[in-house]
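Heads up: the structure comes next, in structure tokens.
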Amino acid sequence: MKIAVIGVGLIGGSLALCFRGKPNVQIVGFSHRQDLADLSVERGVVDSATLSLEEAVHDADFIFLSTPVGLLETYLEQINALPLKKGCIVTDVGSTKASIATRARELDWGDACFIGGHPMAGSERSGVQAATSLLFENAYYVLTPEPDTDAAATEALTKLLALTRAKVICMEPSQHDEIVGAISHLPHIIAVALVNQISGYHESNSLYRTLAAGGFRDITRIASSDPVVWRDILLNNRFNLLKLLRDWNQQVEGFIDQLEREDGEGISARFRDAGDFRNELPERRKGVIAKTYDLYLDVPDHPGIIGRITTELGSRGINLSNLQIIESREDVPGLMRLSFRDEMNMNRGKEALEGLEFDVYV
């Protein structure tokens with residue numbers, strides 16, 4: 001079996017790692033730069049890499065189109081124009097599905113077929129350096145086959161994706177864009193707008209940035225996402241987002257009205273409703289917005305305390321990706337945040353630190 005990965009970055013590279021090493025499977029990566037092609041091979045992500053799209057897709061059984069959303073249709077058209085193996089399944093990993101599905105319907109696939117896809121998992125890191133075979137584990141992987149798509153092709157792709165340990169579900173492209181627009185695209189817009197609002201206040205009072213740490217930084221972390229990538233995503237899903245933003249404005253207007261009327265009970269009810277719904281959300285399953293794996297612990301401002309913690313974690317082979325002291329004052333416990341790359345290391349870190357009698361919070 002030959003699998004071609006067009007664009008070996010975080011998503012494409014992680015898919016390649018899930019498939020790599022399986023019996024009789026060859027992974028070929030396509031990159032638009034030689035240094036990126038070389039890097040994907042050096043890191044063992046793909047078996048070989050090429051700058052030739054035709055070479056990459058030649059005789060491929062599966063083609064994963066893993067480019068940014070803004071380039072998907074261009075590459076789809078180029079792949080469609082090339083001779084493809086009979087029965088070849090072409091799929092993508094874009095976070096919007098309606099536009100690519102529309103373009104795919106307009107193309108003649110002959111003995112091949114196209115099935116849209118979107119693995120709903122990500123990372124704060126990017127590039128092939130961040131690729132990991134664990135990225136999709138316990139995440140949803142959406143497929144958007146057409147009504148006339150050969151059921152055997154959908155089954156074959158689903159069987160291959162089982163190697164990612166994701167949960168594959170099927171839905172219509174338009175339904176996907178409505179849902180992902182609400183749970184991912186809209187939150188990104190809100191985070192960016194909120195950070196820019198505070199940035200504007202900061203211009204006249206530097207205390208805004210001084211005090212905007214801790215929780216504020218956490219709830220707005222997605223505002224630091226790649227500007228070009230998100231420009232393309234938002235423009236591609238603009239019709240859904242225009243409706244969502246109008247609905248959001250109604251939510252904001254509701255709070256304005258309650259504050260003007262000093263409706264304390266109404267405000268409390270909204271917080272209760274939000275809390276009830278949020279508490280029903282699964283904690284262990286990965287979502288379209290990358291999950292963080294952070295532990296918080298109270299630490300006294302004593303010499304050697306940080307070294308003690310990091311030494312304990314290191315001695316147990318626990319992978320710590322970041323450490324931050326949120327507050328530390330003499331004779332007052334400070335708050336330390338430890339960040340981990342995955343849930344396994346976070347849980348092991350929690351167990352180790354509790355063994356040292358630290359109060360640890362997730």
Side-chain angles (χ1 to χ4, degrees), residues 3-23 25-31 33 35-49 62-68 91-95 117-143 157-168 184 221-222 224-226 229 282-295 313-314 316-323 338-350 362:
I3 300 174
V5 178
I6 312 304
V8 191
L10 170 67
I11 301 297
S14 296
L15 284 169
L17 287 172
C18 290
F19 307 143
R20 184 118 194 271
K22 302 301 183 289
V25 173
Q26 176 193 13
I27 312 293
V28 178
F30 166 83
S31 296
R33 284 173 22 201
D35 60 325
L36 297 178
D38 293 341
L39 184 61
S40 65
V41 175
E42 290 169 6
R43 297 185 69 87
V45 175
V46 296
D47 295 303
S48 61
F62 294 90
I63 300 172
F64 284 85
L65 188 48
S66 307
T67 68
T91 186
D92 76 307
V93 300
S95 59
H118 178 205
M120 297 181 66
S123 169
E124 296 299 294
R125 304 163 68 213
S126 62
V128 69
Q129 302 93 325
T132 169
S133 62
L134 301 176
L135 183 65
F136 312 110
E137 187 174 10
N138 296 322
Y140 281 104
Y141 199 119
V142 176
L143 295 181
L157 180 56
T158 300
K159 183 178 180 180
L160 177 64
L161 292 174
L163 296 173
T164 68
R165 296 181 294 281
K167 183 177 181 180
V168 178
S184 174
R221 64 185 175 85
I222 55 177
S224 297
S225 300
D226 187 295
V229 168
E283 294 184 9
R284 296 290 181 177
R285 188 170 294 281
K286 296 178 181 178
V288 67
I289 296 178
K291 187 181 184 335
T292 58
Y293 300 98
D294 295 337
L295 294 178
L313 295 176
R316 297 184 181 219
I318 298 172
N319 187 6
L320 180 65
S321 64
N322 197 14
L323 181 153
L338 302 175
S339 300
F340 302 84
R341 299 210 184 282
D342 53 54
E343 187 175 10
M344 180 187 69
N345 277 288
M346 182 187 73
N347 290 335
R348 291 181 61 212
K350 184 174 185 293
V362 177

Measure from the side-chain N and O atoms of S14 to the backbone N and O of T132, and report whether any donor-acceptor pair falls under 3.5 Å.
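A pair under 3.5 Å: yes.
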Please check this pair: side chain of N345 against backbone of N319, looking for a donor-acceptor N/O pair closer than 3.5 Å.
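Judged by distance alone, yes, a pair lies under 3.5 Å.
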Results of salt bridge (charged side-chain N to carboxylate O under 4.0 Å, His left out) for R165 - residues two or more places apart only:
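R165: salt bridge (charged side-chain N to carboxylate O under 4.0 Å, His left out) contacts with E137.
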Counterpart residues, salt bridge (charged side-chain N to carboxylate O under 4.0 Å, His left out), relative to R316 (two or more places apart)
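In terms of salt bridge (charged side-chain N to carboxylate O under 4.0 Å, His left out), with neighbours along the sequence ignored, R316 is linked to E312.
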Let me confirm one number: the [atom1]-[atom2] distance from [X] to [Y], rounded to the nearest 0.5 Å.
X: L65; Y: T67; atom1: CG; atom2: OG1; answer: 4.5 Å
X: M346; Y: D294; atom1: CE; atom2: CG; answer: 8.5 Å
X: K350; Y: I318; atom1: NZ; atom2: CD1; answer: 12.5 Å
X: S339; Y: L320; atom1: OG; atom2: CG; answer: 7.5 Å
X: L163; Y: F136; atom1: CG; atom2: CZ; answer: 12.0 Å
X: L134; Y: C18; atom1: CG; atom2: SG; answer: 8.0 Å

Check whether any side-chain heavy atom of [X] lies under 4.5 Å from a side-chain heavy atom of [Y], and answer yes or no.
X: I6; Y: D92; answer: no
X: F62; Y: L157; answer: yes
X: T158; Y: Y141; answer: no
X: L36; Y: V128; answer: no
X: V46; Y: V28; answer: no

For the residue pair [X] and [Y], what are the closest heavy atoms and their distance?
X: F19; Y: T164; answer: CE2-CG2, 4.2 Å
X: R43; Y: Q129; answer: NH2-O, 3.4 Å
X: V93; Y: H118; answer: O-CD2, 3.8 Å
X: A131; Y: G13; answer: CB-C, 3.6 Å
X: A37; Y: A49; answer: O-CB, 3.5 Å
X: V5; Y: S66; answer: CG1-OG, 4.1 Å

Single hit among I27, V8, L15 for side chain to side chain contact (heavy atoms under 4.5 Å, CB included) with V45
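With V45 as partner, side chain to side chain contact (heavy atoms under 4.5 Å, CB included) holds for just one option, V8.
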